[in-house]
Amino acid sequence: MPERPRVRFAPSPTGNLHVGNARTALFNWLFARHYGGAFVVRIEDTDRARTFERFEKGILEDLRWLGIIWDEGPESGGEFGPYHQFERIDIYNRYLKKLVEEDRVYPCYCTEDELEAERKTLLSMRMMPRYMGKCRNLTDEERRRFESEGRSPASRFKVPKGVVEFNDLIRGPMKFDCDSIGDFIIVRSNDIPAYNFAVVVDDHLMKITHVIRGEDHLSNTPLQLLLYQALGFDPPLFAHHSLILGKDRSKLSKRHGAVSVKDFRDRGVLPEALLNYLSLLGGSFAGTKEICSVGEIIEEFSLERAGKSGAIFDEAKLEWLNKAYIRNYSTPKLSELLFPFIEDAGYNCDIIDRKWLHSVIEAIRDNLGTFSEIGDYIDVFFDERCEISEDAAQTLKKEYAGAVVKSLHDALISEECAEDDLYRCVMDIVSSKTGLKGKKLFMPVRAAITGKTWGPELDKLFAILGRESILKRVKKTVATVYGS
RNA sequence: GGUCCCAUCGUCUAGGGGUUAGGACGCUGGCCUCUCACGCCAGUAGCGGGGGUUCAAUUCCCCCUGGGACUACCA
């Protein structure tokens with residue numbers, strides 16, 4: 001391990017930050033933090049048609065939200081900038097020139113249609129589609145002719161014969177035969193460098209020591225290694241981690257539902273829960289502990305513990321973790337995070353008494369898997385939002401329910417019970433009057449008061465609602481369900 | 001089709017030549033005066049198949065099967 005390893009996360013701003021990419025960023029960041037190295041973010045914005053600034057902003061925002069802070073990169077700068085590839089075009093051109101001079105590169109005049117046709121032919125012959133080198137040995141005369149036709153060439157790298165070998169830090173020894181690699185484009189006909197070329201130049205110039213990325217880049221590695229060789233650069237070490245999969249075991253993508261960090265953030269998943277979950281996927285910590293603080297995760301992180309096989313993204317487990325993290329928040333802090341979600345559910349937090357709202361949140365906080373569920377739990381505390389659900393109506397129509405509701409009503413009216421002992425006192429009365437207990441006793445009470453068959457604990461409900469509100473609700477229920 | 005990668009409960013995983021194959025999520029049951037959630041207890045379920053190597057293979061090797069990634073002038 002070098003003194004100070006340098007790793008990078010290099011997203012292209014063509015969409016929101018995907019959880020798979022977030023995991024790659026996380027692994028790099030954990031690696032840097034674990035070994036006391038540097039974590040750099042580089043924006044790969046060479047695909048001009050698909051690059052949008054809002055995506056870059058979003059990605060950076062999501063990284064910060066997760067607590068993945070970069071030592072060098074956009075906005076914060078650093079010694080090895082610029083950190084946007086599009087601002088580094090001159091640099092790539094310098095190295096292209098070098099490769100041209102050394103005859104490692106040649107101009108290719110093929111159009112995309114021609115290349116597509118070649119691919120199809122090869123495929124129909126059951127051969128691997130790859131560039132067969134049509135422009136590799138063009139005469140000057142032929143080149144001039146293409147130029148005069150107005151064709152602007154792309155630059156292709158001359159792939160040498162031989163094999164490329166490297167030792168993947170996660171997967172072990174890797175070996176690729178150059179015969180299966182066609183001459184590939186390193187600078188496109190619009191003079192913008194292609195991915196494999198830009199990455200190699202940047203990683204070298206930015207002194208990256210370890211490239212940690214998804215398995216989907218494994219087959220790019222031999223191409224990049226060839227470029228390192230041609231450029232005379234020392235290559236970094238490579239580590240290719242497994243991918244996050246959807247339920248059907250294919251690479252997680254939009255058709256699987258929520259896949260971006262933003263999706264989970266909007267749903268009310270805590271950043272520490274998502275980060276913890278992502279670090280759990282495709283690996284494990286030394287102990288049996290699964291809920292770990294960032295510090296512990298950094299401490300435990302190691303590439304050796306990274307699994308080689310893909311891992312299905314399990315939202316149920318994420319939610320379980322989220323619940324655990326929610327429990328660790330104090331109610332005031334939790335409330336602050338919850339307010340936007342309460343507003344989304346159609347409430348105006350400004351006109352609701354803070355203290356009362358806190359007690360409501362206190363009553364339901366343990367039920368929440370994600371913040372966006374808050375609307376389903378909070379409505380029972382607002383008289384005007386209480387409707388009798390189908391389930392509740394059925395419960396109330398059971399033969400024993402009528403008596404329960406009646407004695408509940410009577411107990412509330414009698415003023416026999418003190419306000420501060422309402423729940424216990426009323427339930428004792430109802431229980432002794434009806435002779436019922438357990439589910440048959442409590443379900444009609446719950447249904448009569450909340451209109452639902454599930455929700456926060458009844459004692460908390462009584463304490464927050466108070467006699468007046470409860471009585472009003474019971475009367476309403478009696479009127480609508482029993483019609484008297 | 002080609003190249004490459006991978007393979008332990010439904011899911012995430014631990015383990016590793018001799019184990020009652022361990023944990024977590026989920027699910028089921030029980031307890032906590034109802035449900036849900038929390039907490040606790042219990043239960044459910046797994047080494048893809050075939051050959052080797054070996055006294056012994058889930059573990060090591062090979063083949064098959066299955067799954068996946070890549071196969072762009074995207075990254």
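Numbered from 1 within each chain, the chains take letters A, B, ... in sequence-line order. Worth saying up front: this structure is predicted, and the values here are computed from it rather than measured.
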Indicate, with a heavy-atom threshold strictly under 4.0 Å, whether [X] touches base, sugar-phosphate, or nothing.
X       : result
L441(A) : nothing
M174(A) : sugar-phosphate
E44(A)  : sugar-phosphate
H217(A) : base
K247(A) : nothing
L243(A) : sugar-phosphate
R171(A) : sugar-phosphate
N220(A) : base
C108(A) : nothing
E319(A) : nothing
F176(A) : sugar-phosphate
K452(A) : nothing
R130(A) : nothing
S12(A)  : sugar-phosphate

Side chain to side chain contact (heavy atoms under 4.5 Å, CB included) evaluation trace for H240(A) with R213(A) | CA-CA 5 Å; H240(A) 292 91; R213(A) 67 204 338 184; 3.0 Å; yes
Complement of [N], any strand, by Watson-Crick or G-U distances under 3.5 angstrom:
N      : value
G29(B) : C41(B)
C34(B) : none
U59(B) : none
U19(B) : none
U54(B) : none

Please state whether the phosphate of [N], meaning OP1 or OP2, lies under 4.0 angstrom from any side-chain nitrogen or oxygen of [X].
X       : N      : answer
R50(A)  : C73(B) : no
S155(A) : C73(B) : no
K317(A) : U13(B) : no
R327(A) : G39(B) : yes

Please report the distance separating the [atom1] of [N] from the corresponding atom of [M], rounded so that it comes out in whole Å.
N      : M      : atom1 : value
A45(B) : U11(B) : P     : 16 Å
G18(B) : A37(B) : C1'   : 45 Å
G46(B) : C62(B) : P     : 28 Å
U19(B) : A56(B) : P     : 14 Å

Apply ring-ring contact (aromatic ring centres under 6.0 Å, His included) to the pair W320(A) and Y277(A), showing each step before the final yes or no.
-> CA-CA 10 Å; W320(A) 169 76; Y277(A) 179 66; 9.7 Å; no
Taking the nucleotide of RNA chain B with the closest heavy atom to each, which residue, G307(A) or L218(A), is nearer the 5' end?
-> L218(A)
Which residue lies more 5' along RNA chain B, comparing N190(A) with S180(A) via nearest heavy atoms | S180(A)
Rounding to a whole Å, what distance do you find between [X]:[atom1] and [N]:[atom2]?
X       : N      : atom1 : atom2 : value
L318(A) : A24(B) : CG    : C1'   : 14 Å
I170(A) : A7(B)  : CD1   : C1'   : 17 Å
R213(A) : C5(B)  : CZ    : C1'   : 15 Å
F146(A) : C73(B) : CZ    : C1'   : 16 Å
E118(A) : C73(B) : CD    : P     : 10 Å
F166(A) : C4(B)  : CZ    : P     : 12 Å
R156(A) : C73(B) : CZ    : P     : 6 Å
H241(A) : C12(B) : NE2   : P     : 15 Å

Polar side-chain contact S189(A)-C73(B) base: donor and acceptor under 3.5 Å = yes
Can you find a donor-acceptor pair, distance only, under 3.5 Å between D216(A) side chain and C70(B) base?
-> no
Would you confirm whether the ring centroid of F301(A) sits within less than 6.0 angstrom of the ring centroid of F27(A)?
-> yes
D45(A) (side chain) donor-acceptor with F86(A) (main chain) under 3.5 angstrom = yes
Considering the options L243(A), I244(A), I312(A), which one meets the side-chain contact (heavy atoms from CB on, under 4.5 Å) requirement together with L252(A)?
-> I244(A)
Kindly compute the distance separating CG (D202(A)) from CZ (R42(A)), expressed to the nearest 0.5 Å.
-> 4.5 Å
Presence of salt bridge, E296(A) and K289(A), under 4.0 angstrom | yes
Under 5.5 Å and under 30°: W454(A) stacked on U35(B) = no
By side-chain hydrogen bond (donor to acceptor under 3.5 Å, both in side chains), which residues pair with R8(A), not counting sequence neighbours?
-> D203(A)
